[in-house]
Amino acid sequence: MASSPEALVEARSLTKRFGRHVAVDGVDFRIERGEAFGFLGPNGAGKSSTMRMIGCVSPVTSGELRVLGMDPAGDGPRIRARLGVVPQEDTLDTELTVSDNLTIYGRYFGLSRTVIRERADELLEFAKLTERRHDRVDPLSGGMKRRLTIARALINRPEALLLDEPTTGLDPQARHLLWERLYRLKQEGVTLVLTTHYMEEAEQLCDRLVIMDRGRIAGEGTPRDLVARHATREVVELRFRSASDLRAALPRLAGVAERVEPLADRVLAYTGDGDATAAAIADNGVHPAAILVRRGTLEDVFLVLTGRTLED
Amino acid sequence: MSTAALRVVEREARVFRRLWRGTVFSAFVTPVLFLAALGLGLGGLVDEGGGRVAGLPYLVFVTPGLLAATAMQTAAGDALWPVMVGTKWARTFHAMVATPLRPRDVYTGLMAWTALRTTLAATMFLIVGAALGGVPSAWGLLAVPAAVLCGSAFFAPLAAYSATQHTEVAFPLIMRLGVMPLFLFSGTFFPVDQLPGWAQPVALASPLWHGVELARSATTGTFDGHSVIGHVLVLVGVLALGWYAGTCSWTRRLAG
């Protein structure tokens, strides 16, 4: 890993332990300015712990971490002054109004009221909350609260926005609106650092990502690279009526694809040409309850690299 | 205090702006009720019986006691449930430490805010007490800082403790078995020499007793230099130890 002053975050052998539990187990990564960087992995993979160390609210157990060229151990407040944080759980002042939330948060950064007022107008517009500015936060929908949390995190014009599971718990419509807003930020050049266990979110938003599992990094690259390197262009998914049907079919699936991966409820066949593989499967006398040909995704990459699915 | 801690005070003031009517009203009604019942009602009986309490009319005796005890209760209440709200229920303290604020700024800022709230409560008490004739000396104004110091000596260690808790189950016990007995037996309603011999050292160890004695010196204008210094030292000592414990426990809780 070459060390240039441009890196926004640089970690080497970064480790976090809670008592005997190792949450983050010696990871290396580098986040550049202007990119959207993701940590993809299931719950408990160590993503949030990594994020809290980057956000300088959780001390590093061992290894090295530089954020904005500084050391979180000594420069926490100075680093945090230049970051925006969107935590996994909402931490809004729910008894106050939407605009009060922005004002109070801006004051934590020592911004003047005039500056906060100007920025708040813009941010409320961005978060589509202008009409709700004088309303209390409590009755707002989950999606609105998330957007307010993002607006709040932007009040100090941060050099990077850290988002921990930004759309977890939102309905699909609210999620898509949020993705659209984050995509806009990305186009404006804001560095995004996010954790997610949604493969789709990682594919939509991330220029580059690492796949995390059990505290370690299992793979790194652009979504397209990762799929090309570890999965195949297409995947044939076979569903069976029962687990015994599935087991019975396995011997007859050998050789129909580059690799055949049996899961609890389905079988995945990795192939360059899904239709040809599906035909070969039928020729071998295998008739599953359902058969689906789809593109290879990060979900497949995760499975190949860790032997587990993201939902595990 | 750092400017960072002042931002926390500012936030509390903004929250207060939405709720101030209730707080100010109860800060006024509490002394009226207590002083009417105990100072005038009970005090009337005591004084009719020809007795004085520690050489004072009962209203004069009980006013500084209640004043300091109210400060204690205000501060103790602020140090328990609101800490659970900020660390767990609404997680607003976690939002604060994602900014340049440090856990110790949050803790110190909340302590400063509670000091302002106890200033308000003690001032109201003093005004009502003086109007009823319970504050014979102009030195009585010093009872307000005495009460605030007393309240802070409760807030610091209690809030240090609250930050170690993940549920609120112990809080009502602390109020009932800790704060309430101190309220009753720290020289608030009667001199501690009325207590049985074994209980007297316990009462003297109570920070509230030191606060009550300080406030009483002020409202009656009778100062004994040695004991005043002693009371202040005890309260400042408890406050300092509590503050040190609090900076540690709040850092562990919010930045662990």
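Bear in mind that the values here come from a model prediction, so they are computed numbers and not experimental data. We name chains A, B, ... by the order of the sequence lines, and we start the count at 1 in each one.
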Any idea which heavy atoms bring A:G110 and B:R7 closest together, and the distance?
-> CA-NH2, 3.5 Å
Identify which part of A:R82 has an atom lying under 4.5 Å from any heavy atom of chain B, answering side chain, backbone, both or neither.
-> neither
Under 6.0 Å from the OH atom of A:Y198, do we count more than 12 heavy atoms belonging to anything else shown?
-> yes
Just how far is it from atom OG1 of B:T99 to atom CZ of A:R152, taken to the nearest 0.5 Å?
-> 9.5 Å
Atom NE2 of B:H94 and atom CD of A:Q88: how far apart are they, to the nearest 0.5 Å?
-> 12.5 Å
Between B:E10 and A:R113, does a salt bridge (charged side-chain N to carboxylate O under 4.0 Å, His left out) hold up when you go through it step by step?
-> CA-CA 12 Å; B:E10 197 181 321; A:R113 282 181 189 75; 2.9 Å; yes
Exceeds 12 heavy-atom contacts within 6.0 angstrom, atom CZ of A:F18 = yes
Between atom CD1 of A:I104 and atom CE of B:M96, what is the distance when rounded to the nearest 0.5 Å?
-> 8.0 Å
List the steps, then state whether side chain to side chain contact (heavy atoms under 4.5 Å, CB included) holds for A:V57 with B:V97.
-> CA-CA 7 Å; A:V57 290; B:V97 298; 4.2 Å; yes
Checking B:R91 side chain against A:D90 main chain: does a donor-acceptor pair fall under 3.5 Å?
-> no
Of the backbone (N, CA, C, O) and the side chain (C-beta and beyond), which part of A:L92 lies under 4.5 Å from a heavy atom of chain B, both, or neither?
-> backbone
Are the side chain of B:R18 and the backbone of A:E95 linked by a donor-acceptor contact shorter than 3.5 Å?
-> yes
What heavy-atom pair brings A:Y108 and B:R11 nearest, and what distance separates the two atoms?
-> OH-CG, 3.2 Å
Test salt bridge (charged side-chain N to carboxylate O under 4.0 Å, His left out) on A:D93 and B:R14 and set out the steps.
-> CA-CA 11 Å; A:D93 273 305; B:R14 199 169 279 265; over 6 Å; no
Measure A:T103 against the heavy atoms of chain B and call it side chain, backbone, both or neither at under 4.5 Å.
-> side chain
Side chain, backbone, both or neither: which part of A:T94 has an atom under 4.5 Å from a heavy atom of chain B?
-> neither
For chain A, which residues from residues 242-256 of chain B have at least one heavy atom closer than 4.5 Å to it?
-> B:L254, B:A255, B:G256
Within 6.0 angstrom of A:E131 CD, more than 12 heavy atoms from elsewhere = no
Donor-acceptor under 3.5 Å (A:R80 side chain, B:L101 main chain) | yes
